[in-house]
Amino acid sequence: MAKYKSKAVREYMRKVADLNCICCGAEAELHHPRFNVGLGQRANDMDVIPLCPHHHRFGKDSIHLGKKLFIQKFGTEQELLKKVKEMV
C-alpha cells in the first residue's frame, strides 16, 4: 500500500483483506465500489470490499465483467460494503 495512506487507513484495509473474499472465502484483493463517485474516480479507501481475483476481475460473475450476474448472486456493492463494515 502507498506510503501516503495513514496508519489507520492501512490497518483498516489490511483487516478487510484478511476477511477473504466476501463471495467465496478465497484470498482477497480489495475492490473500491463505484457508487457515489464521479467518472474515473474510486471510492474512499475506508470503503473497500474484499474480493478474490475471480469475483473481482476475471470471472463471468465478477464485479467488473459480469456486474448484473454478480449482483443477482451476491448483492449490490452497497449491500456488501455494509456487510463488510459490520464484520470489521
Please round to the nearest 0.5 Å and tell me the distance separating atom [atom1] of [X] and atom [atom2] of [Y].
{"X": "Cys23", "Y": "Leu80", "atom1": "SG", "atom2": "CG", "result": "6.0 Å"}
{"X": "His32", "Y": "Met13", "atom1": "NE2", "atom2": "CE", "result": "4.5 Å"}
{"X": "Gln72", "Y": "Lys68", "atom1": "CD", "atom2": "NZ", "result": "9.0 Å"}
{"X": "His56", "Y": "Phe70", "atom1": "NE2", "atom2": "CZ", "result": "9.0 Å"}
{"X": "Glu27", "Y": "Cys21", "atom1": "CD", "atom2": "SG", "result": "11.0 Å"}

### Task
Determine, for Lys85 against Asp47, whether the closest basic-nitrogen to carboxylate-oxygen distance falls under 4.0 angstrom.
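Yes, charged N to carboxylate O under 4.0 Å.
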
### Message
So that I can tick it off, tell me whether Lys82 and Glu77 are bridged by a salt bridge, with the cut-off set at under 4.0 angstrom between side-chain N and carboxylate O.
### Response
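No, no charged N to carboxylate O under 4.0 Å.
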
### Query
Is any side-chain heavy atom of Pro50 closer than 4.5 Å to a side-chain heavy atom of Asn20?
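Side-chain contact under 4.5 Å: no.
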
### Task
Compare all side-chain heavy atoms of Glu29 with those of Pro53 and state whether any distance is below 4.5 angstrom.
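Yes - at least one pair of side-chain heavy atoms lies under 4.5 Å apart.
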
### Task
Test Phe74 against every option in Asp61, Ile63, Leu51, Ile22 by the side chain to side chain contact (heavy atoms under 4.5 Å, CB included) rule and name the one that passes.
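Testing each of Asp61, Ile63, Leu51, Ile22 against Phe74, the sole residue satisfying side chain to side chain contact (heavy atoms under 4.5 Å, CB included) is Asp61.
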
### Message
Given 3.5 Å as the limit, does a donor-acceptor pair link the side chain of Glu79 with the main chain of Thr76, or not?
### Response
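Flag set: sc Glu79 to bb Thr76 pair under 3.5 Å.
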
### Message
List the residues meeting side-chain hydrogen bond (donor to acceptor under 3.5 Å, both in side chains) with Lys15, not counting sequence neighbours, and say none if there are none.
### Response
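By the side-chain hydrogen bond (donor to acceptor under 3.5 Å, both in side chains) rule, Lys15 matches no residue at all.
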
### Task
Walk me through it: do Met46 and Val9 pass the test side chain to side chain contact (heavy atoms under 4.5 Å, CB included)?
CA-CA 7 Å; Met46 297 296 277; Val9 170; 4.0 Å; yes

#### Entry: Aromatic contact, His31 with His64 (centres under 6.0 Å)
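Yes.
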
### Task
Please assess Ile49 against Leu30 for the test side chain to side chain contact (heavy atoms under 4.5 Å, CB included), listing each intermediate value before the final yes or no.
CA-CA 6 Å; Ile49 299 169; Leu30 298 176; over 6 Å; no

### Task
Carefully, step by step, assess Ser62 and His54 under the rule side chain to side chain contact (heavy atoms under 4.5 Å, CB included).
CA-CA 6 Å; Ser62 71; His54 174 85; over 6 Å; no

### Val48 with Met87, same ILVMFWY side-chain cluster at under 4.5 Å
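Same cluster: Val48 reaches Met87 through Ile, Leu, Val, Met, Phe, Trp or Tyr contacts under 4.5 Å.
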
